[in-house]
Amino acid sequence: MSKLYNILLSLAMGVFVGYDVAYFHGAGLPLALIMVASSCFDVVSVVSELPTSIVFDHVSPKRMLAVGNVVRAAGLICFAVAPSDFWCVLLGQALAGIGSATESGAASALFINDRLREEGSFEKILGELAEATGLSIVAGGVVGAVLYPVNPVLIWVVPACIYLLAMLPLAAVPARAAHDGPRRRAGLLKGFRTSLVKAVRYPEWWMALCMDVGALSVYYLWQVRLGIGSDGVWNQLLGLVMMNVAKSVAGALNRRLPVGRTFRSPALPLVCNIALCAAFAWSTGLASGLALFFAHVTVHSWVLNYYSGRVHAVIDDDERATVFSVLSMGNTLVAAAVAPLCGWVADAVSLGAGMSVTLVVYLVPLVWSVFSPRARRAA
């Protein structure tokens, strides 16, 4: 049931994730206001990460996720009701940000804690989850492509219904008693600090963060790179499909050929990933762009799952949501600073330069994997 819950969340996101900017712009909102509203989503997500992950880990996992589903569905309904009203869209983004924060780290932690009863390899568990959710986002993208021409409002109404429907398998997930039961606020904060300090002592946590940050410039600008010609929207849909099929392929690789058992260290796939990113950023053409984008996301996700699996292996069940929510917070905070820089470089220099801004961060896990005895032992 925990796997089905994650699948439904990914399916819902796939319905709108490739069309949201076009929807608001078509309704009459200027792009500048759309980006401001998106920033509100990021800020609220970061602010909400800490309290929601603490409640998940130490009070009630299922209750926190259920509340998040309802709040996010309410945000999507705001988009459907008044897409041309900036304040309504801003409210919707704030609600969606809260809902997203409840899912970040927590939804996957629910599946991992459940799956550990049958499978001891975290790489295989994460691979299984990535494979399922990647295909679910692709399926949602196809649903969105069908719904949008019929009535654009449906790309919000349908996923809102899916978020509410997801509460049925969530209710069927075996309940896990929160660690030590409900605590006073001081105790919850102390538990959070303990989990955080424990996580950041492990280099693998920092390597996972560097993997997330290294991909940011490509993540922000891939739609511009692929959105060429009169068929730009459909090209972006192809990119969305490629991205999530690649994540599923990476999940399958983690299940069958884990990085830790395939290579002496992650160095070789990291070098391949950097080369693929550079080629994607500086090349032209739709076919080559799709192929390079697919290869990059596959290798990136394959290696990221390796580092994430190493982190999961050293933390307790009641720390997973907290540790990975903090990882998401770190990535979001860096993204808030990097996104304008990527756009400015792309405008002032070239698209390829803008897409290459954060690639240098990939050198951190590469250097660590080559020179750290711990990395070679872990592999």
Enquirer: Would you kindly confirm whether Val81 and Tyr23 end up in one hydrophobic cluster when ILVMFWY residues are joined by side chain heavy atoms under 4.5 Å apart?
Expert: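 Each belongs to a different hydrophobic cluster.
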
Enquirer: Check the hydrophobic clustering (I, L, V, M, F, W, Y; side-chain heavy atoms under 4.5 Å; chains of links allowed) and say if Leu165 and Ile77 are grouped together.
Expert: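 Each belongs to a different hydrophobic cluster.
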
Enquirer: Would you sort out whether Val245 and Met242 count as a side-chain contact (heavy atoms from CB on, under 4.5 Å), showing the intermediate values?
Expert: CA-CA 5 Å; Val245 170; Met242 285 292 183; 5.8 Å; no

Enquirer: Give every residue pair that meets the salt bridge (charged side-chain N to carboxylate O under 4.0 Å, His left out) criterion with at least one member in residues 65-91, sequence neighbours excluded.
Expert: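 Matches after skipping sequence neighbours: Arg72-Glu103.
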
Enquirer: Between Trp222 and Val297, does the side-chain contact (heavy atoms from CB on, under 4.5 Å) criterion hold? Intermediate values first, please.
Expert: CA-CA 11 Å; Trp222 71 264; Val297 176; over 6 Å; no

Enquirer: Just wondering, do Trp368 and Glu204 contact through their side chains at under 4.5 Å, heavy atoms?
Expert: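 Glu204 reaches Trp368 side chain to side chain.
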
Enquirer: Could you tell me whether a side-chain N or O of Arg225 sits under 3.5 Å from a main-chain N or O of Val218, the two making a donor and an acceptor?
Expert: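 No: the side chain of Arg225 does not pair with the backbone of Val218.
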
Enquirer: With no hydrogens and no angle check, just 3.5 Å: does a side-chain donor-acceptor pair link Asp212 and Tyr219?
Expert: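 No, Tyr219 and Asp212 have no side-chain donor paired with an acceptor closer than 3.5 Å.
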
Enquirer: Could you check if a side-chain atom of Leu8 sits within less than 4.5 angstrom of a side-chain atom of Pro169, using non-hydrogen atoms only?
Expert: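 SC-SC contact between Leu8 and Pro169 confirmed.
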
Enquirer: Evaluate the criterion side-chain contact (heavy atoms from CB on, under 4.5 Å) for residue pair Leu168 and Leu4; output intermediate values, then yes/no.
Expert: CA-CA 10 Å; Leu168 295 178; Leu4 177 59; over 6 Å; no

Enquirer: Once side chain to side chain donor-acceptor pair (under 3.5 Å) is applied, what residue pairs with a partner in residues 354-363 remain, sequence neighbours excluded?
Expert: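 Matches after skipping sequence neighbours: Ser217-Thr358, Asn273-Tyr362, Trp282-Ser356, His300-Tyr362.
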
Enquirer: For residues 134-161, dump all side-chain donor-acceptor pairs below 3.5 Å to protein atoms at least two apart in sequence or in another chain.
Expert:
residue, atom, partner, partner atom, Å
Ser136, OG, Ala132, O, 2.8
Asn151, OD1, Val153, N, 3.1

Enquirer: Under 3.5 Å, side chain of Ser350 to main-chain N/O of Ala346, donor-acceptor pair present?
Expert: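 The answer is no, because no donor-acceptor pair under 3.5 Å joins these two groups.
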
Enquirer: May I ask you to test the Val303-Met211 pair for a side-chain heavy-atom distance under 4.5 Å?
Expert: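 A side-chain contact under 4.5 Å exists here.
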
Enquirer: State which residues pass side chain to side chain contact (heavy atoms under 4.5 Å, CB included) with Val213; sequence neighbours excluded, sorted by chain then number.
Expert: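 Partners of Val213 under the side chain to side chain contact (heavy atoms under 4.5 Å, CB included) test: Leu209, Leu216, Asn331, Val334, Val361.
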
Enquirer: Whether the side chain of Ser301 engages the backbone of Thr298 through a donor-acceptor N/O pair (distance < 3.5 Å, no angle test) should be reported.
Expert: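 A pair under 3.5 Å: no.
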
Enquirer: Can you list the residues that meet the side chain to side chain contact (heavy atoms under 4.5 Å, CB included) rule with Val70, with sequence neighbours excluded?
Expert: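 For Val70, the residues satisfying side chain to side chain contact (heavy atoms under 4.5 Å, CB included) (neighbours in sequence not counted) are Leu164, Met167.
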
Enquirer: Do Tyr307 and Pro266 touch side chain to side chain, with heavy atoms closer than 4.5 Å?
Expert: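 Touching, per the 4.5 Å side-chain cut-off.
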
Enquirer: Once side chain to side chain contact (heavy atoms under 4.5 Å, CB included) is applied, do any residues pair with Val345, and if so which ones, sequence neighbours excluded?
Expert: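 Checked Val345 against side chain to side chain contact (heavy atoms under 4.5 Å, CB included); matches are Leu341, Val349, Ala353, Val357.
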
Enquirer: State, yes or no, whether a side-chain contact exists between Leu292 and Ser283 at a heavy-atom distance under 4.5 Å.
Expert: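 Yes, side chains in contact.
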
Enquirer: Is it true that Ile7 and Leu65 fall in one hydrophobic cluster, defined by side-chain heavy atoms closer than 4.5 Å?
Expert: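 No, no single cluster joins them.
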
Enquirer: Within the supplied structure, the quantity of interest is the number of heavy atoms (other residues, nucleotides, ligands) at a distance under 6.0 Å from Phe41 CZ; does it exceed 12?
Expert: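 Yes, enclosed.
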
Enquirer: Assess the residue pair Phe79 and Phe24 against the criterion (side-chain contact (heavy atoms from CB on, under 4.5 Å)); give the C-alpha distance rounded to whole Å, side-chain angles, the decisive distance to 0.1 Å, and a yes or no.
Expert: CA-CA 8 Å; Phe79 301 152; Phe24 294 127; 3.6 Å; yes

Enquirer: Do you know the tightest heavy-atom contact between Gly75 and Leu95?
Expert: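 Looks like CA-CB, 3.8 Å.
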
